[in-house]
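This report refers to the structure that appears directly beneath it.
Hydrogens, waters and symmetry mates are skipped; everything else that's a heavy atom, side chains included, is used. As the structure is a computational prediction, the values presented were derived from the model and not from experiment. A, B, ... follow the sequence lines: proteins, then strands. Residue 1 opens every chain.
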Amino acid sequence: MPDASRPNAVPAPGGPDKAAETRSLNFIEQIIEADRAAGKHGGRVHTRFPPEPNGYLHIGHAKSICLNFGLAERYGGKFNLRFDDTNPEKEEQEYVDSIIRDVTWLGGRFDSGPHAGGLYYASDYFEQMYAFAEELIRKGKAYVCALTADEVSKRRGTPQIPATSPFRDRPADESLRLFREMREGKHPDGSLTLRARIDLASPNFNLRDPVMYRVLHEPHQHTGDKWCIYPMYDWAHGLEDSLEGITHSICTLEFEDHRPLYDWFIRAINEGRTDDGSGPWGRKIHHPQQIEFAKFRPTYTVLSKRNLLKMVQQGVVKGWDDPRMPTISGLRRRGYTAEALRRACTEVGTTKVESFIDLTRIENAVRDHLNKAAPRGMAVLRPLKVVLENWPEGQTDELDFVVNPEDPAAGTRKVPFSRVLYIERDDFMENPPKKFFRLAPGVEVRLRWAYFVTCTGVVKDAAGNVTEVRCTVDPATRGGDAPDGRKVKGTIHWVSAAHAVEVEARLYDRLFNAEQPGKRTGNYLDDLNPTSLETVRALIEPALAAAKPGDTFQFERLGYFRADEDSQPGRPVFNRTVTLRDTWAKAAGAD
RNA sequence: UGGGGAUUGGUGUAACGGUAGCACGAGUGGCUCUGAACCACUUAGUCUAGGUUCGAAUCCUAGAUCCCCAGCCA
């Protein structure tokens, strides 16, 4: 038993002012600390993130990146980015590039800084893997099988009935010859495989003589046409980890029953090898430890690359980086910050329990971060004209506004005020219900940071719609406070009509209406939210027109918005990241 | 009907035989020039049934429910 002081308590991340806080170790950290206490791997910690470059990274990968990099950071270890590029049929350079971009953006420092372990490609190890494979053949632990994929499938057996292969006892020298011919391109796709001789009767089907190599005459994004045989995941993955000196190989739950295979391959290579390298087979290779954890699964989204790819191909979204996509590129474009994503990943913890994470949790993480970090601005999404009857025509007042009340260092900005303004259509009601604190006939409200105004009447069109609101302004309230100390219940945002800039605002909502898309009908596309994107012509205060792609703001009372890559100089396009919490809408909707 | 995992408030997570705690949400109140933020309080939980023990979320037995596995994908 560990001693009385709680070894499970560690300082939580979050800065020196929070150093007093502690959180418990997750199960992986407990394993690592036990390993270090026992002197395993010489106390080293070396992790890796091993994506296959067959799609863009999504928020589930973000969890894995944060976990792996976080462990390297916490234990003073190293972190590798490694492309698990063993299947050229699905892999592309575009994906390689996007993955490097996304891992870097998220803060996975694989190529610089104290924890950088490097950038690797599994395909760079193909020669070494091939040599190991020949070794297993010579040791009688692998054989070349001539069964077709179909035949293998038919002979797979059942839990009770073992699998079969007529080639299992092919002599080693014959397998060796055929394996070399496979490499030399003398055999067509699918004709031969190299299989591990493990256990055709194993209740774990992964051990029923799994395929190690298949023939595939397909150019590879990284190795070109050098190879026409490619290693399978189970054979390759442990070797990649071993060659890189990975200590803790962290993967997801579905690989749990591959772990015996992971270990079998490394032990098979080490059989006959020695610690000092003496003997016919040489020195033992490093044996990392595979550990599995549960995926990050948010509600209201799909994460499988197959499903994401389908939406891209069918044009359901505009690309892998569409701001509605759960991809890291999409979330970034939407306005999510790396900090918010990292925090969300840490907050939900790491376990083996397959749970759903409320999407609102991720939304709250970005609200929290942006509330502290984002400069404020005013924009009107659905404009309603307001005329101040007692404000002189042509006269402009220039007011100083706080850039961010949460951050005094952010300073102030200038905002023009004049006779004709626009306010949000939702902020006016001709016949308001109780507790409507906004503008209505006879009601006085504050225009944010500016003046008190009182509604004196409305102008309507032939159909009876309000097209204009008439108000009087109290000049003594300049700056937003009344010298006589009188209070108003409501404060609303506004822009000056003569100075506002009209821009495109893209109002994003969740992509799916169901917590688990596809659960109802079996087809996730049946649960698409038809209003996941609404585009409006918004009016913004002039200072905001200078926004450049990537600039993020809080539009007061509306939400957080990020200038999109589609922006033109002086004409930004804004993506709504997330709305502000809106208890009024919730209360009003409940009636 | 084989094998591998999992099960603690609404959600996520802690506890490692000794007071079931934390976060998020939700509710109420306060504060407020954002119906935001912030502050305070409240809410609500050990899958079931037995057993061991002075004492069980934790150990044992039996069961229930859910997830993964029979690609030459990863």
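Formation of a donor-acceptor pair under 3.5 Å by the A/Asp85 side chain with backbone atoms of A/Ala122 is found in this model.
To the nearest whole angstrom, the two P atoms, one in B/rC68 and one in B/rA56, are 36 Å apart. Taking atom C1' in both B/rA40 and B/rA64, the straight-line distance is 43 Å, to the nearest Å. Spacing of C1' atoms, B/rU1 relative to B/rG55, comes out at 41 Å, to the nearest Å. Remark: the separation of the C1' atoms in B/rG4 and B/rG45 is 28 Å, to the nearest Å. Rounded to whole Å, the C1' atom of B/rG30 lies 31 Å from the corresponding atom of B/rA20. B/rU8 and B/rU65 are spaced 16 Å apart, taking the C1' atom of each and rounding to whole Å. Taking the P atom of each, B/rA57 and B/rU46 are spaced 10 Å apart, rounded to whole Å. Nucleotides B/rU11 and B/rU34, compared at atom C1', are 28 Å apart to the nearest Å.
The CD-P distance, from A/Gln516 to B/rU11, rounds to 12 Å in whole Å. Going from atom CD of A/Gln160 over to atom C1' of B/rU1 covers 7 Å, rounded to whole Å. Distance A/Asn371 CG to B/rU32 C1': 14 Å, rounded to the nearest Å. When rounded to the nearest whole Å, the span between CZ of A/Phe296 and P of B/rU13 equals 11 Å. Put simply, CZ on A/Arg343 is 18 Å from C1' on B/rU13, counting in whole angstrom units. The distance from atom CD of A/Glu363 to atom P of B/rU11 is 18 Å, rounded to the nearest whole Å. In this entry the distance linking NZ of A/Lys489 with C1' of B/rG35 reads 9 Å, nearest Å. Atoms CG (A/Leu67) and P (B/rU13) sit 13 Å apart, rounded to a whole Å.
Here A/Phe27 lies out of heavy-atom contact (under 4.0 Å) with every strand. Residue A/Asp481 is in base contact, counting any heavy-atom pair closer than 4.0 Å across all strands shown. Looking at heavy-atom distances under 4.0 Å, A/Glu556 makes contact with a base. At the heavy-atom level, A/Arg438 lies under 4.0 Å from base atoms of the strands shown. Base contact: A/Lys435 has a heavy atom under 4.0 Å from a base atom.
Using bins of under 30°, 30° to 60° and over 60° for the plane-to-plane angle, the ring pair A/Trp227/A/Phe126 lands in the perpendicular bin.
Along RNA chain B, the nucleotide closest to A/Gly349 and the one closest to A/Leu558 are compared, and the more 5′ of them pairs with A/Gly349.
Salt-bridge formation is not detected for the pair A/Glu52/A/Lys305: no Lys NZ or Arg NE/NH1/NH2 atom is positioned less than 4.0 Å from an Asp or Glu carboxylate oxygen. A/Arg413 and A/Glu541 are joined by a salt bridge, as a carboxylate oxygen and a charged side-chain nitrogen come within less than 4.0 angstrom of each other. Remark: A/Arg486 engages A/Asp474 in a salt bridge, criterion side-chain N to carboxylate O under 4.0 Å.
Residue A/Thr360 places no side-chain N or O under 4.0 Å from the OP1 or OP2 atom of B/rG25. For B/rG35, one of the phosphate oxygens OP1 or OP2 lies less than 4.0 angstrom from a side-chain nitrogen or oxygen of A/Arg557. Between A/Lys586 and B/rA26, a side-chain N or O to OP1/OP2 separation shorter than 4.0 Å is present. Taking 4.0 angstrom as the limit, A/Thr583 places a side-chain polar atom (N or O) nearer than this to OP1 or OP2 of B/rA36.
Figure legend: cation-pi geometry between A/Arg376 and A/Phe553 absent, as NZ or CZ is not positioned both under 6.0 Å from the six-membered ring centre and within 45° of its axis. At least one cation-pi condition fails for A/Arg259 and A/Tyr262: the charged atom is not both under 6.0 angstrom from the six-membered ring centre and inside a 45 degree cone around its axis.
Under the 6.0 Å cut-off for aromatic ring centres, A/Phe179 and A/Tyr213 qualify, their centroids lying closer than that.
Because its glycosidic torsion is within 90° of 0, B/rG71 is reported here as syn.
Here the side chains of A/Thr552 and A/Thr337 are not in contact, with every heavy-atom distance at 4.5 Å or above.
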**OP:** Determine, stepwise, if the pair A/Arg214 / A/Asp189 fulfils salt bridge (Lys or Arg N to Asp or Glu O under 4.0 Å).
**Re:** CA-CA 8 Å; A/Arg214 74 276 210 185; A/Asp189 288 5; over 6 Å; no

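Of the candidate nucleotides B/rG5, B/rA6, B/rG35, B/rA6 has the atom nearest to the side chain of A/Val353. The listed nucleotides are B/rA15, B/rU34, B/rU11; the one nearest the side chain of A/Ser24 is B/rA15.
The local environment of NZ in A/Lys295 is sparse, with at most 12 non-hydrogen atoms from other residues, nucleotides or ligands closer than 6.0 Å.
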**OP:** Starting at the 5' end of nucleotides 69-74 of chain B, put B wherever the base has a protein heavy atom under 4.0 Å, S where only the sugar-phosphate does, and a dash everywhere else.
**Re:** SBSBSB

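Side-chain contact, A/Thr164 with A/Arg155: a donor N or O sits under 3.5 Å from an acceptor N or O.
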Original post:
For RNA chain B, what is the dot-bracket line, given that a base pair needs Watson-Crick (N1 to N3, plus N6-O4 or O6-N4) or G-U wobble (N1-O2 and O6-N3) geometry with both distances under 3.5 Å, and | means paired with another strand?
Top reply: .((((((..((((....[..))))((((((.......))))))...(((((..]....))))))))))).....

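Put simply, the side chain of A/Gln554 and the base of B/rU34 share a donor and an acceptor less than 3.5 Å apart.
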